[in-house]
Amino acid sequence: MVREPRQTPPPELADREGPALLAVLGRTPWHARLEVYDLYDGRTWWVDQAPVKRPALQAVEAGGQTWLRIPRLAGLELIRGRDLLTLLINRLETNRVPTPWHPSGVRIDRVDRPDFFEWSHESVLAMTRESLPRGIVLHWQSPPRHLSAWTTTSSVIPLGAETNRGIGTDAGSAAIAQLAREWTAGLPPGIAQIAAIERRLRSDYRLDRDGVVPAATGNAVAEFLLHTRAGPDYQFAGGAVLLLRTHGNSARLERGIYVRPDRYDDRR
């Protein structure tokens with residue numbers, strides 16, 4: 001066919017900025033860690049600076065692809081099976097990789113070098129660079145929570161360092177411990193007590209995303225649990241951690257990403 005030449009050049013294609021931090025393909029709901037806080041002094045949560053002792057990742061072949069195997073932590077009989085999940089990183093300005101619960105493997109296409117990764121925390125993986133490359137695709141293997149094991153266990157969960165079970169010795173911490181005992185009175189240790197604490201936090205407290213802890217507060221979590229009964233999401237998380245620790249459970253405050261089932265659209 002013979003066509004007349006164009007009089008004007010076609011418009012150039014341009015990148016379109018979007019608000020999404022990342023795209024997720026896989027089972028929801030999904031939680032991913034970016035930072036873990038072990039210690040609490042009444043006002044501030046901070047990361048335990050103890051050296052990470054996890055072994056290095058190992059390259060293994062599976063299905064014609066190279067996966068980097070992540071050594072499993074001991075004592076995790078409450079997990080079973082394996083999920084596959086894919087992340088496309090868009091605007092996440094950190095070198096920390098959104099890390100699922102107890103991951104077993106990670107893969108980047110045509111990358112078979114474990115030294116691309118390091119541990120920023122014993123449960124958070126990072127890339128050995130300043131920031132995650134935009135457009136990089138990560139494939140995760142991780143086990144879903146084995147809920148039937150959680151609901152049948154009658155023991156507390158003492159995993160992790162002693163710092164993950166401390167609640168403090170101040171008056172506010174003592175009041176939190178008393179509240180935990182009241183909420184779980186007559187219940188056996190384990191999932192029954194954990195579920196009771198969760199129910200009370202959901203039913204008796206109000207989410208206030210703009211809530212601010214008063215400057216003169218001695219124990220911010222105690223102020224939330226005993227007085228204001230309203231606050232932002234991290235106050236709920238911090239309250240849950242200390243209430244669970246009262247009964248000997250190992251618990252930490254985590255910051256990261258939550259993919260909600262009701263907001264998940266696999267076509268977008």
Side-chain angles (χ1 to χ4, degrees), residues 19 21-22 29 31-52 91-96 98-99 101 120-124 126 130-131 156-157 160-185 193-260 263:
L21 299 177
L22 49 82
H31 298 78
R33 300 171 165 124
L34 286 174
E35 194 157 24
V36 178
Y37 302 93
D38 312 85
L39 307 172
Y40 178 67
D41 65 358
R43 286 200 60 84
T44 304
W45 290 92
W46 74 94
V47 180
D48 186 0
Q49 298 299 321
V52 177
R91 300 168 59 87
L92 206 57
E93 302 296 338
T94 177
N95 73 328
R96 297 179 184 180
T99 305
W101 196 67
S120 68
H121 185 276
E122 68 170 10
S123 59
V124 180
E130 289 187 3
S131 184
V156 296
I157 305 166
E162 184 65 31
T163 53
N164 301 340
R165 297 192 290 276
I167 63 169
T169 58
D170 61 296
S173 296
I176 293 173
Q178 177 60 32
L179 186 66
R181 288 189 289 269
E182 292 173 2
W183 286 5
T184 58
Q193 292 180 345
I194 295 172
I197 290 171
E198 179 185 359
R199 283 195 302 271
R200 293 296 293 265
L201 285 172
R202 290 185 182 277
S203 63
D204 297 358
Y205 293 79
R206 178 175 58 85
L207 179 65
D208 179 6
R209 300 186 187 278
D210 300 321
V212 177
V213 178
T217 299
N219 188 316
V221 174
E223 177 75 14
F224 165 72
L225 289 174
L226 301 169
H227 302 295
T228 63
R229 295 178 174 263
D233 50 6
Y234 62 83
Q235 287 283 44
F236 283 80
V241 167
L242 296 187
L243 290 164
L244 292 170
R245 287 182 177 186
T246 294
H247 293 294
N249 297 291
S250 178
R252 300 180 298 200
L253 182 71
E254 297 182 354
R255 184 172 65 90
I257 294 168
Y258 173 53
V259 182
R260 289 169 43 184
R263 296 288 300 277

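In this structure, Tyr40 contributes its side chain and Val241 its backbone to no donor-acceptor pair below 3.5 Å. Looking only at distances, a side-chain donor or acceptor of Asp38 sits under 3.5 Å from a matching main-chain atom of Asp48.
In this structure, CZ in Arg245 is found 9.5 Å from CD1 in Ile167, a value given to the nearest 0.5 Å. Atom CZ of Arg200 sits about 14.5 Å away from atom CZ of Arg202, to the nearest 0.5 Å. His121 contributes atom NE2, which lies 8.0 Å from atom CD of Glu254 (distance to the nearest 0.5 angstrom). Between Arg255 atom CZ and Trp45 atom CH2 the span is 14.5 Å, to the nearest 0.5 Å. Arg206 CZ to Phe236 CZ: the interatomic distance, rounded to the nearest 0.5 Å, is 8.5 Å.
Taking each heavy atom of Ser250 and Asn164 in turn, the nearest pair found is OG-CB, 3.3 Å. Scanning all heavy atoms of the two residues, the minimum distance from Pro214 to Arg43 falls at O-NH1, 3.4 Å. Closest non-hydrogen pair, Val213 versus Ala220, comes out as CG1-CB, 3.8 Å. The two residues Ser123 and Val36 have their closest heavy-atom pair at OG-CG2, 3.6 Å. The heavy-atom pair separating Pro98 from Leu92 by the smallest distance is CG-CD2, 3.5 Å. Listed here is the closest heavy atom pair of Leu253 and Tyr234: CD1-O, 4.2 Å.
Leu242 places none of its side-chain heavy atoms less than 4.5 Å from the side chain of Ser173. Side-chain contact check for Thr246 versus Thr184: every heavy-atom pair is 4.5 Å or farther apart. Proximity of Gln235 to Asp208: side-chain heavy atoms (C-beta onward) are nowhere separated by under 4.5 Å. Within the 4.5 Å cutoff, side-chain heavy atoms of Asn249 are placed close to those of Ile194. With contacts defined as side-chain heavy-atom distances shorter than 4.5 Å, the pair Arg33/Trp101 qualifies. Looking at Glu35 and Val124, their side chains never come closer than 4.5 Å, going by heavy atoms from C-beta outward.
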Test log, rule salt bridge (charged side-chain N to carboxylate O under 4.0 Å, His left out), inputs Arg252 and Glu122: CA-CA 12 Å; Arg252 300 180 298 200; Glu122 68 170 10; 2.9 Å; yes

Worked check of side chain to side chain contact (heavy atoms under 4.5 Å, CB included) between Asp204 and Arg229: CA-CA 7 Å; Asp204 297 358; Arg229 295 178 174 263; 4.0 Å; yes

Side chain to side chain contact (heavy atoms under 4.5 Å, CB included) between Ile257 and Leu22, intermediate numbers included: CA-CA 10 Å; Ile257 294 168; Leu22 49 82; 3.5 Å; yes

From CA spacing to verdict: side chain to side chain contact (heavy atoms under 4.5 Å, CB included), Leu243, Leu225: CA-CA 10 Å; Leu243 290 164; Leu225 289 174; 4.1 Å; yes

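Using a 30° and 60° split on the angle between ring planes, Phe224 and Tyr205 fall in the tilted class, from 30° to 60°.
By the 6.0 Å contact criterion, CD on Glu130 is open, its count of non-hydrogen atoms from other residues, nucleotides or ligands being 12 or less.
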